[in-house]
Amino acid sequence: MKMLTFVCREQYEDEVLVVFNTLGIIGYTVVHAVGGSGETGAVSVTHTHADRNKLLLVALDDDRMATLIQHVKQLQTRLVKERMGHPVPFKAFLQPCELIV
């Protein structure tokens with residue numbers, strides 16, 4: 001089992017949820033108003049909705065995760081193309097995940 005963690009601007013949450021819906025993923029967690037700093041700049045939780053981050057977490061078995069990763073990479077490619085090659089405030093990180101309860 002693995003966990004995929006998304007950090008993205010709020011405007012991209014719906015894009016991720018469309019991927020989840022397409023793949024029949026019904027279990028995930030969303031954390032609102034996440035601040036931080038990265039490649040596309042600093043984000044404060046006091047900024048407008050368009051400038052705030054969301055954190056989305058999803059844990060899946062390895063086979064389903066591989067399919068999700070393919071879709072996420074396709075989404076990232078499309079978003080970069082739409083922004084004419086500029087960095088997109090949309091990142092995904094994969095880590096091992098073990099269910100303990």
Side-chain angles (χ1 to χ4, degrees):
M1 179 176 271
K2 292 190 172 72
M3 179 171 291
L4 194 58
T5 303
F6 296 90
V7 180
C8 63
R9 294 292 193 278
E10 287 187 347
Q11 69 196 47
Y12 298 119
E13 177 185 12
D14 288 342
E15 302 271 5
V16 175
L17 296 180
V18 166
V19 171
F20 288 177
N21 187 50
T22 298
L23 299 177
I25 297 171
I26 58 171
Y28 56 88
T29 300
V30 179
V31 181
H32 302 272
V34 178
S37 180
E39 176 184 42
T40 58
V43 175
S44 169
V45 296
T46 60
H47 281 98
T48 64
H49 289 292
D51 291 334
R52 289 195 297 194
N53 284 339
K54 292 247 180 148
L55 186 71
L56 293 94
L57 306 157
V58 61
L60 297 170
D61 63 62
D62 291 353
D63 291 339
R64 290 191 73 202
M65 185 59 75
T67 302
L68 174 57
I69 289 169
Q70 288 176 340
H71 280 78
V72 168
K73 287 180 177 181
Q74 291 170 355
L75 173 58
Q76 172 72 7
T77 299
R78 182 174 58 80
L79 294 175
V80 168
K81 185 175 182 178
E82 287 174 0
R83 290 180 52 108
M84 298 180 192
H86 294 281
V88 178
F90 177 90
K91 299 291 182 189
F93 305 91
L94 185 66
Q95 60 269 347
C97 180
E98 181 179 347
L99 182 64
I100 58 169
V101 290

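Below, each value reflects all heavy atoms present in this structure, side chains not excepted, and no hydrogens, waters or symmetry copies.
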*Pairwise distance OG1(Thr77) to NZ(Lys81) - rounded to 0.5 angstrom*: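 Spacing of OG1 (Thr77) from NZ (Lys81) equals 10.0 Å.
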
*Enter the distance from Leu99:CG to Asp61:CG here, rounded to the nearest 0.5 Å.*
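Output value for this atom pair is 12.5 Å.
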
Using the rule that two of Ile, Leu, Val, Met, Phe, Trp, Tyr join whenever any of their side-chain heavy atoms come within less than 4.5 Å, decide whether [X] and [Y] are in one cluster.
{"X": "Val80", "Y": "Val16", "value": "yes"}
{"X": "Val19", "Y": "Val30", "value": "yes"}
{"X": "Val58", "Y": "Leu94", "value": "yes"}
{"X": "Leu79", "Y": "Phe6", "value": "yes"}
{"X": "Leu75", "Y": "Leu23", "value": "yes"}

Closest non-hydrogen atom pair, [X] against [Y]:
{"X": "Cys8", "Y": "Glu13", "answer": "SG-N, 4.3 Å"}
{"X": "His32", "Y": "Lys54", "answer": "ND1-NZ, 2.9 Å"}
{"X": "Ala33", "Y": "Glu10", "answer": "N-OE2, 4.1 Å"}
{"X": "Cys97", "Y": "Lys2", "answer": "CB-C, 3.7 Å"}

*On the 0 to 90° scale, with breaks at 30° and 60°, tag the Tyr12-Phe90 ring pair as parallel, tilted or perpendicular.*
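If you compare the ring of Tyr12 with that of Phe90, the planes turn out perpendicular.
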
*Please lay out, stage by stage, how Phe20 and Leu68 fare under the test side-chain contact (heavy atoms from CB on, under 4.5 Å).*
CA-CA 8 Å; Phe20 288 177; Leu68 174 57; 4.1 Å; yes

*How would you list, by chain and number, every residue that makes a side chain to side chain donor-acceptor pair (under 3.5 Å) with Glu15, sequence neighbours excluded?*
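In terms of side chain to side chain donor-acceptor pair (under 3.5 Å), with neighbours along the sequence ignored, Glu15 is linked to Arg78.
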
*asked:* Run the side-chain contact (heavy atoms from CB on, under 4.5 Å) test on Leu17 and Leu56 for me, step by step, so that the C-alpha distance in whole Å, both residues' side-chain angles and the decisive distance to 0.1 Å come before the verdict.
replied: CA-CA 9 Å; Leu17 296 180; Leu56 293 94; 4.1 Å; yes

*Stepwise side-chain contact (heavy atoms from CB on, under 4.5 Å) test for Arg9 and Asn53*: CA-CA 4 Å; Arg9 294 292 193 278; Asn53 284 339; 3.1 Å; yes

*Take atom CD of Glu98 as the centre, draw a 6.0 Å sphere, and report whether it contains more than 12 heavy atoms from other residues, nucleotides or ligands.*
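Check fails, neighbour count at 12 or below.
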
